[in-house]
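Just below is one structure, and these are the notes that go with it.
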Amino acid sequence: MPETGQSTQGHISGAEAETTAFSSPSARRTSLLVTLVLGGLTALPPLSMDMYLPALPEVTKSLRSPAATVQLTLTACLAGMALGQLVVGPMSDRFGRRKPLLLGMIVYVVATAICAFAPSTELLIAFRLLQGLAGAAGIVIARAVVRDLYDGVEMARFFSTLMLISGVAPVIAPVIGGQVLRLTDWRGIFVVLTAVGVLLTLVVWKWLHETLPVERRHGGGVGEALRTMRGLLADRVFTGYTLTGGLAFAALFAYIAASPFVVQEIYGASPQTFSLLFGINSVGLITVGQINGKLLVGRISMDKVLTVGLLLIALASLALLLMTTGVFGEVGLVPVAAGLFVLMSSMGLALPNTNALALMRTPHAAGSASALLGTSSFLIGAIASPLVGIAGEATAVPMAVVQLTCALASLTCFAALCRPWKRSASV
(Lines give C-alpha, C1' and ligand atoms only; values in the text may rest on other atoms or scores of the structure.)
Protein backbone atom coordinates (compact mmCIF):
# COMPACT_ATOMS: atom_id res chain seq x y z
CA MET A 1 0.00 0.00 0.00
CA PRO A 2 1.68 3.19 -1.13
CA GLU A 3 2.25 6.00 1.34
CA THR A 4 0.04 9.05 1.02
CA GLY A 5 2.95 11.18 2.17
CA GLN A 6 3.28 13.52 5.11
CA SER A 7 3.23 17.29 4.92
CA THR A 8 6.19 19.31 6.10
CA GLN A 9 5.71 21.43 9.19
CA GLY A 10 5.68 25.20 9.18
CA HIS A 11 3.60 26.06 6.13
CA ILE A 12 0.51 23.96 6.84
CA SER A 13 -2.17 24.99 9.28
CA GLY A 14 -5.87 24.71 9.92
CA ALA A 15 -7.57 22.35 7.47
CA GLU A 16 -4.20 21.48 5.94
CA ALA A 17 -2.88 20.34 9.31
CA GLU A 18 -5.97 18.16 9.54
CA THR A 19 -4.93 16.67 6.21
CA THR A 20 -1.56 15.72 7.66
CA ALA A 21 -3.10 14.13 10.73
CA PHE A 22 -5.62 12.08 8.83
CA SER A 23 -3.13 10.97 6.19
CA SER A 24 -0.40 9.81 8.57
CA PRO A 25 0.48 6.11 8.52
CA SER A 26 -1.04 5.63 11.97
CA ALA A 27 -4.38 6.95 10.71
CA ARG A 28 -4.53 5.15 7.39
CA ARG A 29 -7.19 2.76 8.61
CA THR A 30 -10.59 4.29 8.37
CA SER A 31 -12.73 4.36 11.46
CA LEU A 32 -16.17 2.79 11.46
CA LEU A 33 -17.70 6.27 11.46
CA VAL A 34 -15.76 7.37 8.36
CA THR A 35 -16.68 4.10 6.67
CA LEU A 36 -20.34 4.82 7.36
CA VAL A 37 -19.97 8.38 6.03
CA LEU A 38 -18.40 7.10 2.79
CA GLY A 39 -21.15 4.52 2.58
CA GLY A 40 -23.74 7.25 3.00
CA LEU A 41 -22.18 9.28 0.18
CA THR A 42 -22.23 6.31 -2.19
CA ALA A 43 -25.77 5.47 -1.03
CA LEU A 44 -27.16 8.92 -1.85
CA PRO A 45 -27.46 8.36 -5.64
CA PRO A 46 -29.40 5.05 -5.37
CA LEU A 47 -31.47 6.62 -2.61
CA SER A 48 -32.27 9.58 -4.86
CA MET A 49 -33.20 7.27 -7.74
CA ASP A 50 -34.93 4.38 -6.01
CA MET A 51 -37.16 6.20 -3.55
CA TYR A 52 -38.66 7.90 -6.59
CA LEU A 53 -39.24 4.72 -8.62
CA PRO A 54 -42.59 3.63 -7.10
CA ALA A 55 -43.91 7.12 -7.83
CA LEU A 56 -43.17 7.12 -11.58
CA PRO A 57 -46.67 5.98 -12.63
CA GLU A 58 -48.18 8.59 -10.27
CA VAL A 59 -45.95 11.35 -11.68
CA THR A 60 -47.15 10.56 -15.21
CA LYS A 61 -50.74 11.12 -14.05
CA SER A 62 -50.04 14.09 -11.79
CA LEU A 63 -48.08 16.06 -14.39
CA ARG A 64 -50.10 14.68 -17.33
CA SER A 65 -47.00 13.46 -19.16
CA PRO A 66 -46.30 10.23 -21.05
CA ALA A 67 -44.15 7.58 -19.37
CA ALA A 68 -41.25 8.15 -21.77
CA THR A 69 -41.13 11.84 -20.81
CA VAL A 70 -41.27 11.13 -17.08
CA GLN A 71 -38.45 8.60 -17.48
CA LEU A 72 -36.36 11.55 -18.67
CA THR A 73 -36.35 12.72 -15.03
CA LEU A 74 -34.23 9.64 -14.35
CA THR A 75 -32.10 10.29 -17.42
CA ALA A 76 -31.54 13.92 -16.39
CA CYS A 77 -30.42 12.91 -12.91
CA LEU A 78 -28.04 10.31 -14.33
CA ALA A 79 -26.65 12.71 -16.94
CA GLY A 80 -26.08 15.30 -14.21
CA MET A 81 -24.22 12.78 -12.07
CA ALA A 82 -22.08 11.86 -15.06
CA LEU A 83 -21.15 15.42 -16.06
CA GLY A 84 -20.75 16.59 -12.48
CA GLN A 85 -18.11 13.97 -11.81
CA LEU A 86 -15.98 15.31 -14.67
CA VAL A 87 -15.88 18.66 -12.87
CA VAL A 88 -15.70 17.57 -9.24
CA GLY A 89 -13.11 14.81 -9.74
CA PRO A 90 -10.31 17.09 -11.03
CA MET A 91 -11.38 19.77 -8.52
CA SER A 92 -10.81 17.32 -5.69
CA ASP A 93 -7.33 16.52 -7.04
CA ARG A 94 -6.51 20.24 -6.94
CA PHE A 95 -8.33 21.56 -3.84
CA GLY A 96 -8.63 18.41 -1.75
CA ARG A 97 -11.64 16.21 -1.13
CA ARG A 98 -13.47 18.10 1.59
CA LYS A 99 -14.34 21.54 0.15
CA PRO A 100 -15.75 20.36 -3.23
CA LEU A 101 -17.75 17.70 -1.41
CA LEU A 102 -19.39 20.16 0.98
CA LEU A 103 -20.23 22.57 -1.86
CA GLY A 104 -21.81 19.78 -3.88
CA MET A 105 -23.88 18.60 -0.92
CA ILE A 106 -25.29 22.08 -0.28
CA VAL A 107 -26.35 22.49 -3.92
CA TYR A 108 -27.86 18.97 -3.84
CA VAL A 109 -30.06 19.94 -0.90
CA VAL A 110 -31.31 23.11 -2.61
CA ALA A 111 -32.04 21.35 -5.93
CA THR A 112 -33.88 18.49 -4.23
CA ALA A 113 -36.05 20.89 -2.26
CA ILE A 114 -37.04 22.66 -5.49
CA CYS A 115 -37.94 19.31 -7.11
CA ALA A 116 -40.59 18.88 -4.41
CA PHE A 117 -42.44 21.93 -5.75
CA ALA A 118 -41.91 21.49 -9.50
CA PRO A 119 -45.18 22.36 -11.30
CA SER A 120 -44.29 20.71 -14.61
CA THR A 121 -42.33 17.79 -16.00
CA GLU A 122 -39.93 20.17 -17.76
CA LEU A 123 -39.02 21.95 -14.52
CA LEU A 124 -38.72 18.63 -12.70
CA ILE A 125 -36.33 17.39 -15.38
CA ALA A 126 -34.25 20.58 -15.09
CA PHE A 127 -33.83 20.37 -11.33
CA ARG A 128 -33.27 16.62 -11.40
CA LEU A 129 -30.35 17.48 -13.71
CA LEU A 130 -29.03 19.99 -11.13
CA GLN A 131 -29.62 17.44 -8.37
CA GLY A 132 -27.50 14.96 -10.28
CA LEU A 133 -24.75 17.50 -11.00
CA ALA A 134 -24.44 18.29 -7.31
CA GLY A 135 -24.89 14.72 -6.08
CA ALA A 136 -21.95 13.68 -8.24
CA ALA A 137 -19.64 15.14 -5.60
CA GLY A 138 -20.51 12.39 -3.13
CA ILE A 139 -19.99 9.60 -5.64
CA VAL A 140 -16.66 10.68 -7.10
CA ILE A 141 -15.06 11.90 -3.89
CA ALA A 142 -16.05 8.86 -1.83
CA ARG A 143 -14.33 6.67 -4.42
CA ALA A 144 -11.26 8.94 -4.48
CA VAL A 145 -11.05 8.86 -0.67
CA VAL A 146 -10.96 5.06 -0.80
CA ARG A 147 -8.09 5.29 -3.30
CA ASP A 148 -6.29 7.73 -0.98
CA LEU A 149 -6.46 5.24 1.86
CA TYR A 150 -6.16 1.82 0.23
CA ASP A 151 -4.49 -0.08 -2.59
CA GLY A 152 -4.71 -3.47 -4.28
CA VAL A 153 -6.72 -6.24 -2.64
CA GLU A 154 -7.54 -4.06 0.38
CA MET A 155 -9.12 -1.49 -1.92
CA ALA A 156 -11.31 -4.15 -3.56
CA ARG A 157 -12.38 -5.39 -0.14
CA PHE A 158 -13.24 -1.88 0.99
CA PHE A 159 -15.33 -1.32 -2.14
CA SER A 160 -17.25 -4.47 -1.22
CA THR A 161 -17.75 -3.09 2.29
CA LEU A 162 -19.08 0.13 0.79
CA MET A 163 -21.43 -1.98 -1.32
CA LEU A 164 -22.79 -3.52 1.88
CA ILE A 165 -23.47 -0.08 3.36
CA SER A 166 -24.63 1.69 0.22
CA GLY A 167 -26.59 -1.41 -0.78
CA VAL A 168 -28.93 -0.81 2.13
CA ALA A 169 -30.18 2.25 0.23
CA PRO A 170 -31.77 0.39 -2.70
CA VAL A 171 -33.21 -2.11 -0.22
CA ILE A 172 -34.99 0.45 1.91
CA ALA A 173 -35.46 3.27 -0.64
CA PRO A 174 -38.38 1.80 -2.62
CA VAL A 175 -39.96 0.62 0.64
CA ILE A 176 -39.71 4.13 2.06
CA GLY A 177 -40.96 5.56 -1.23
CA GLY A 178 -43.94 3.19 -1.23
CA GLN A 179 -44.81 4.09 2.35
CA VAL A 180 -44.43 7.82 1.67
CA LEU A 181 -46.92 7.39 -1.18
CA ARG A 182 -49.40 5.93 1.30
CA LEU A 183 -49.20 9.13 3.34
CA THR A 184 -48.75 11.78 0.68
CA ASP A 185 -48.01 12.18 -3.03
CA TRP A 186 -44.76 11.93 -5.00
CA ARG A 187 -43.64 15.37 -3.86
CA GLY A 188 -43.27 14.08 -0.32
CA ILE A 189 -40.48 11.79 -1.55
CA PHE A 190 -38.36 14.81 -2.45
CA VAL A 191 -39.07 16.35 0.94
CA VAL A 192 -37.66 13.22 2.59
CA LEU A 193 -34.63 13.29 0.26
CA THR A 194 -34.03 16.93 1.20
CA ALA A 195 -33.95 16.00 4.87
CA VAL A 196 -31.53 13.14 4.16
CA GLY A 197 -29.29 15.53 2.21
CA VAL A 198 -29.22 18.04 5.08
CA LEU A 199 -28.32 15.32 7.59
CA LEU A 200 -25.55 13.88 5.41
CA THR A 201 -24.11 17.35 4.77
CA LEU A 202 -23.87 17.98 8.50
CA VAL A 203 -22.23 14.58 9.08
CA VAL A 204 -19.66 15.22 6.33
CA TRP A 205 -18.89 18.67 7.70
CA LYS A 206 -18.30 17.35 11.22
CA TRP A 207 -16.65 13.96 10.72
CA LEU A 208 -15.13 13.48 7.26
CA HIS A 209 -11.61 14.94 7.36
CA GLU A 210 -9.33 15.67 4.43
CA THR A 211 -7.51 12.64 2.95
CA LEU A 212 -5.42 14.22 0.19
CA PRO A 213 -2.22 15.85 1.52
CA VAL A 214 -1.28 19.22 0.09
CA GLU A 215 1.89 17.93 -1.56
CA ARG A 216 -0.10 15.38 -3.56
CA ARG A 217 -2.54 17.92 -4.99
CA HIS A 218 -2.35 19.09 -8.60
CA GLY A 219 -1.86 22.83 -8.95
CA GLY A 220 -2.92 23.16 -12.59
CA GLY A 221 -6.22 24.37 -14.00
CA VAL A 222 -8.57 23.03 -16.63
CA GLY A 223 -5.76 22.38 -19.10
CA GLU A 224 -3.89 20.11 -16.70
CA ALA A 225 -7.09 18.31 -15.74
CA LEU A 226 -7.81 17.59 -19.41
CA ARG A 227 -4.26 16.40 -19.98
CA THR A 228 -4.54 14.10 -16.97
CA MET A 229 -7.78 12.61 -18.23
CA ARG A 230 -6.34 12.20 -21.72
CA GLY A 231 -3.41 10.35 -20.22
CA LEU A 232 -5.74 8.07 -18.26
CA LEU A 233 -7.81 7.28 -21.34
CA ALA A 234 -4.62 6.52 -23.28
CA ASP A 235 -4.11 3.59 -20.91
CA ARG A 236 -5.88 0.83 -22.84
CA VAL A 237 -6.44 -1.35 -19.78
CA PHE A 238 -7.84 1.49 -17.66
CA THR A 239 -10.19 2.44 -20.50
CA GLY A 240 -11.19 -1.20 -20.85
CA TYR A 241 -12.18 -1.51 -17.21
CA THR A 242 -13.97 1.83 -17.37
CA LEU A 243 -16.10 0.77 -20.34
CA THR A 244 -16.65 -2.72 -18.91
CA GLY A 245 -18.02 -1.30 -15.67
CA GLY A 246 -20.01 1.41 -17.43
CA LEU A 247 -21.79 -1.03 -19.74
CA ALA A 248 -22.52 -3.42 -16.87
CA PHE A 249 -23.98 -0.51 -14.92
CA ALA A 250 -26.14 0.38 -17.94
CA ALA A 251 -27.67 -3.11 -17.83
CA LEU A 252 -28.44 -2.47 -14.17
CA PHE A 253 -29.93 0.92 -14.89
CA ALA A 254 -32.12 -0.50 -17.66
CA TYR A 255 -33.65 -2.58 -14.89
CA ILE A 256 -33.97 0.44 -12.58
CA ALA A 257 -35.67 2.57 -15.24
CA ALA A 258 -38.04 -0.09 -16.59
CA SER A 259 -38.92 -2.19 -13.54
CA PRO A 260 -41.58 0.16 -12.07
CA PHE A 261 -43.60 -0.12 -15.28
CA VAL A 262 -42.79 -3.79 -15.94
CA VAL A 263 -43.71 -4.94 -12.45
CA GLN A 264 -46.62 -2.59 -11.77
CA GLU A 265 -48.18 -1.89 -15.17
CA ILE A 266 -47.51 -5.17 -17.06
CA TYR A 267 -47.75 -7.65 -14.18
CA GLY A 268 -50.21 -5.66 -12.06
CA ALA A 269 -48.22 -5.53 -8.83
CA SER A 270 -48.80 -2.81 -6.24
CA PRO A 271 -46.16 -0.18 -5.37
CA GLN A 272 -45.56 -2.07 -2.12
CA THR A 273 -45.02 -5.39 -3.96
CA PHE A 274 -42.65 -3.67 -6.36
CA SER A 275 -40.76 -2.21 -3.41
CA LEU A 276 -40.49 -5.67 -1.82
CA LEU A 277 -39.15 -7.27 -5.02
CA PHE A 278 -36.70 -4.42 -5.52
CA GLY A 279 -35.50 -4.85 -1.97
CA ILE A 280 -35.00 -8.60 -2.43
CA ASN A 281 -32.91 -7.95 -5.53
CA SER A 282 -30.82 -5.43 -3.63
CA VAL A 283 -30.23 -7.96 -0.86
CA GLY A 284 -28.93 -10.31 -3.54
CA LEU A 285 -26.50 -7.66 -4.77
CA ILE A 286 -25.29 -6.94 -1.23
CA THR A 287 -24.85 -10.63 -0.40
CA VAL A 288 -22.86 -11.39 -3.54
CA GLY A 289 -20.80 -8.25 -2.99
CA GLN A 290 -19.87 -9.48 0.47
CA ILE A 291 -18.98 -12.92 -0.87
CA ASN A 292 -16.74 -11.13 -3.34
CA GLY A 293 -15.01 -9.02 -0.69
CA LYS A 294 -14.77 -11.52 2.16
CA LEU A 295 -14.22 -14.83 0.36
CA LEU A 296 -13.07 -14.32 -3.22
CA VAL A 297 -10.80 -11.25 -3.32
CA GLY A 298 -7.27 -12.24 -2.36
CA ARG A 299 -7.91 -15.89 -3.11
CA ILE A 300 -9.02 -15.74 -6.74
CA SER A 301 -7.88 -13.29 -9.41
CA MET A 302 -10.21 -10.30 -9.56
CA ASP A 303 -10.23 -10.66 -13.35
CA LYS A 304 -11.56 -14.22 -13.03
CA VAL A 305 -14.28 -13.15 -10.61
CA LEU A 306 -15.18 -10.27 -12.92
CA THR A 307 -15.46 -12.68 -15.85
CA VAL A 308 -17.92 -14.88 -13.96
CA GLY A 309 -20.00 -11.83 -13.00
CA LEU A 310 -20.20 -10.57 -16.58
CA LEU A 311 -21.17 -14.01 -17.90
CA LEU A 312 -23.96 -14.32 -15.33
CA ILE A 313 -25.28 -10.88 -16.27
CA ALA A 314 -25.33 -11.88 -19.95
CA LEU A 315 -27.08 -15.20 -19.25
CA ALA A 316 -29.71 -13.54 -17.05
CA SER A 317 -30.34 -10.92 -19.75
CA LEU A 318 -30.73 -13.62 -22.38
CA ALA A 319 -33.21 -15.50 -20.19
CA LEU A 320 -35.24 -12.30 -19.68
CA LEU A 321 -35.31 -11.67 -23.43
CA LEU A 322 -36.57 -15.19 -24.11
CA MET A 323 -39.26 -14.85 -21.45
CA THR A 324 -40.47 -11.41 -22.52
CA THR A 325 -40.63 -12.36 -26.22
CA GLY A 326 -42.86 -15.34 -25.43
CA VAL A 327 -40.43 -18.13 -26.32
CA PHE A 328 -41.54 -19.95 -23.15
CA GLY A 329 -45.17 -18.97 -23.58
CA GLU A 330 -46.96 -16.76 -21.09
CA VAL A 331 -44.80 -16.34 -18.01
CA GLY A 332 -45.86 -14.70 -14.78
CA LEU A 333 -44.10 -12.28 -12.50
CA VAL A 334 -42.13 -14.92 -10.57
CA PRO A 335 -39.88 -16.15 -13.45
CA VAL A 336 -39.21 -12.60 -14.60
CA ALA A 337 -38.43 -11.55 -11.03
CA ALA A 338 -36.02 -14.49 -10.74
CA GLY A 339 -34.16 -13.40 -13.88
CA LEU A 340 -33.91 -9.85 -12.58
CA PHE A 341 -32.64 -11.19 -9.24
CA VAL A 342 -29.78 -13.07 -10.92
CA LEU A 343 -28.90 -10.05 -13.06
CA MET A 344 -28.80 -7.62 -10.15
CA SER A 345 -27.00 -10.01 -7.78
CA SER A 346 -24.26 -10.60 -10.35
CA MET A 347 -23.46 -6.90 -10.22
CA GLY A 348 -21.88 -7.67 -6.84
CA LEU A 349 -19.12 -9.51 -8.71
CA ALA A 350 -18.76 -7.01 -11.55
CA LEU A 351 -18.92 -3.47 -10.20
CA PRO A 352 -16.54 -3.57 -7.18
CA ASN A 353 -13.86 -5.36 -9.19
CA THR A 354 -13.99 -3.05 -12.21
CA ASN A 355 -13.62 -0.05 -9.88
CA ALA A 356 -10.72 -1.59 -7.98
CA LEU A 357 -8.87 -2.88 -11.06
CA ALA A 358 -9.15 0.50 -12.79
CA LEU A 359 -8.14 2.60 -9.77
CA MET A 360 -5.16 0.34 -9.02
CA ARG A 361 -3.59 1.76 -12.19
CA THR A 362 -4.11 5.42 -11.22
CA PRO A 363 -2.66 6.28 -7.78
CA HIS A 364 -1.40 9.62 -9.17
CA ALA A 365 -4.85 10.97 -10.15
CA ALA A 366 -7.51 9.21 -8.12
CA GLY A 367 -10.04 12.03 -8.42
CA SER A 368 -9.82 12.28 -12.19
CA ALA A 369 -9.83 8.50 -12.57
CA SER A 370 -12.85 8.23 -10.29
CA ALA A 371 -14.58 10.91 -12.37
CA LEU A 372 -14.00 9.00 -15.60
CA LEU A 373 -15.26 5.77 -14.02
CA GLY A 374 -18.40 7.42 -12.73
CA THR A 375 -19.03 9.52 -15.82
CA SER A 376 -18.87 6.54 -18.16
CA SER A 377 -21.29 4.58 -15.97
CA PHE A 378 -23.85 7.35 -15.64
CA LEU A 379 -23.63 8.56 -19.23
CA ILE A 380 -24.11 5.07 -20.67
CA GLY A 381 -26.89 4.52 -18.16
CA ALA A 382 -28.52 7.80 -19.17
CA ILE A 383 -28.47 6.68 -22.82
CA ALA A 384 -29.95 3.29 -21.94
CA SER A 385 -32.73 4.74 -19.78
CA PRO A 386 -35.12 6.14 -22.44
CA LEU A 387 -34.56 3.10 -24.70
CA VAL A 388 -36.33 0.76 -22.29
CA GLY A 389 -39.61 2.61 -22.85
CA ILE A 390 -39.31 3.04 -26.59
CA ALA A 391 -42.09 0.53 -27.36
CA GLY A 392 -44.48 1.86 -24.72
CA GLU A 393 -45.58 0.59 -21.33
CA ALA A 394 -47.15 -2.70 -22.44
CA THR A 395 -43.99 -4.69 -23.19
CA ALA A 396 -40.78 -5.56 -21.33
CA VAL A 397 -38.91 -6.61 -24.49
CA PRO A 398 -36.97 -3.31 -24.88
CA MET A 399 -35.69 -3.65 -21.31
CA ALA A 400 -34.35 -7.14 -22.00
CA VAL A 401 -32.85 -6.11 -25.36
CA VAL A 402 -31.01 -3.18 -23.77
CA GLN A 403 -29.75 -5.39 -20.93
CA LEU A 404 -28.45 -8.11 -23.24
CA THR A 405 -26.83 -5.60 -25.59
CA CYS A 406 -25.03 -3.88 -22.71
CA ALA A 407 -23.94 -7.19 -21.19
CA LEU A 408 -22.46 -8.46 -24.45
CA ALA A 409 -20.75 -5.10 -25.11
CA SER A 410 -19.29 -5.19 -21.59
CA LEU A 411 -17.85 -8.66 -22.16
CA THR A 412 -16.43 -7.54 -25.51
CA CYS A 413 -14.66 -4.51 -24.01
CA PHE A 414 -13.25 -6.64 -21.19
CA ALA A 415 -11.85 -9.23 -23.59
CA ALA A 416 -10.62 -6.80 -26.26
CA LEU A 417 -9.13 -4.04 -24.09
CA CYS A 418 -8.29 -5.50 -20.69
CA ARG A 419 -6.92 -8.80 -22.04
CA PRO A 420 -6.49 -10.28 -18.55
CA TRP A 421 -4.94 -13.48 -19.85
CA LYS A 422 -1.92 -11.43 -21.04
CA ARG A 423 -1.27 -9.89 -17.63
CA SER A 424 -0.38 -11.29 -14.24
CA ALA A 425 -3.20 -13.00 -12.40
CA SER A 426 -1.75 -11.91 -9.10
CA VAL A 427 -4.36 -9.18 -8.62
Side-chain angles (χ1 to χ4, degrees), residues 1-2 82 85-86 89-90 93 139-140 143-144 146-160 162-163 216 218 224-252 289 292-293 296-314 346-381 406-427:
M1 186 164 53
Q85 290 182 72
L86 286 177
D93 283 339
I139 309 168
V140 69
R143 200 160 41 220
V146 174
R147 186 62 187 90
D148 292 339
L149 299 171
Y150 291 95
D151 196 7
V153 169
E154 290 186 347
M155 181 167 55
R157 286 177 175 156
F158 196 86
F159 275 126
S160 292
L162 284 187
M163 180 167 286
R216 289 184 57 202
H218 296 181
E224 181 176 336
L226 292 176
R227 284 191 296 272
T228 299
M229 289 187 174
R230 186 170 63 245
L232 292 172
L233 292 174
D235 180 346
R236 171 180 52 78
V237 179
F238 172 81
T239 300
Y241 285 124
T242 300
L243 291 175
T244 297
L247 288 162
F249 180 83
L252 172 63
N292 174 72
L296 302 180
V297 170
R299 294 181 175 88
I300 303 174
S301 162
M302 279 190 274
D303 281 312
K304 291 180 180 178
V305 177
L306 175 56
T307 301
V308 172
L310 295 176
L311 288 172
L312 287 173
I313 293 169
S346 301
M347 296 292 170
L349 300 177
L351 300 182
N353 290 318
T354 52
N355 283 336
L357 287 164
L359 287 173
M360 281 168 60
R361 303 181 66 85
T362 60
H364 58 290
S368 296
S370 177
L372 289 172
L373 282 168
T375 296
S376 65
S377 295
F378 285 102
L379 272 182
I380 299 171
C406 290
L408 294 176
S410 181
L411 274 167
T412 301
C413 288
F414 179 57
L417 298 177
C418 300
R419 303 175 190 174
W421 61 88
K422 290 189 175 182
R423 294 179 289 108
S424 170
S426 62
V427 296

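For reference, positions follow the sequence shown, starting with 1.
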Donor-acceptor pair, side chain of Arg236 and main chain of Thr239, under 3.5 angstrom: no
Spacing of CG belonging to Leu306 relative to CG belonging to Leu311, to within rounding of 0.5 Å: 9.5 Å
Gap separating the CE atom of Met302 from the CG atom of Asn292, nearest 0.5 angstrom: 9.0 Å
Closest contact, heavy atoms only, Gln85 versus Ala371: O-CB, 2.9 Å
side-chain contact (heavy atoms from CB on, under 4.5 Å) assessment of Val297 paired with Val305: CA-CA 8 Å; Val297 170; Val305 177; over 6 Å; no
Option among Asn355, Asn353, Asp303, Thr354 that satisfies the side-chain hydrogen bond (donor to acceptor under 3.5 Å, both in side chains) test with Tyr241: Asp303
Approximate separation, where rounding is to 0.5 Å, of Leu296 CG and Ser301 OG: 11.0 Å
Any Val140 side-chain heavy atom under 4.5 Å of Thr375 side chain: no
Rounded distance (nearest 0.5 Å) linking atom CG of Leu357 with atom CE of Met155: 8.0 Å
Verdict with supporting geometry, Leu372 and Phe238, side-chain contact (heavy atoms from CB on, under 4.5 Å): CA-CA 10 Å; Leu372 289 172; Phe238 172 81; 4.0 Å; yes
Check: Leu247 and Cys413 side chains under 4.5 Å, non-hydrogen atoms: yes
Distance-minimising heavy-atom pair for Met229 and Leu86: CE-O, 3.6 Å
Which atom of Thr242 lies closest to which atom of Ser376, heavy atoms considered: CG2-OG, 3.1 Å
Polar side-chain atom of Arg361 near backbone of Val237 as donor-acceptor pair, under 3.5 Å: no
Side-chain touch Leu252/Leu351, heavy atoms, less than 4.5 angstrom: yes
Heavy-atom donor-acceptor pair, Thr244 side chain to Phe414 backbone, under 3.5 Å: yes
Cys406 to Ala250 - nearest heavy-atom pair and separation: SG-CB, 3.6 Å
Minimal non-hydrogen separation, Ala314 against Ala407, with atom names: CA-CB, 3.7 Å
Inter-residue atom distance Ile139.CD1 - Ser370.OG, 0.5 Å rounding: 9.0 Å
Heavy-atom donor-acceptor pair, Arg419 side chain to Ala416 backbone, under 3.5 Å: yes
Exercise: identify the closest heavy-atom pair between Ile313 and Ala248: CD1-CB, 4.5 Å
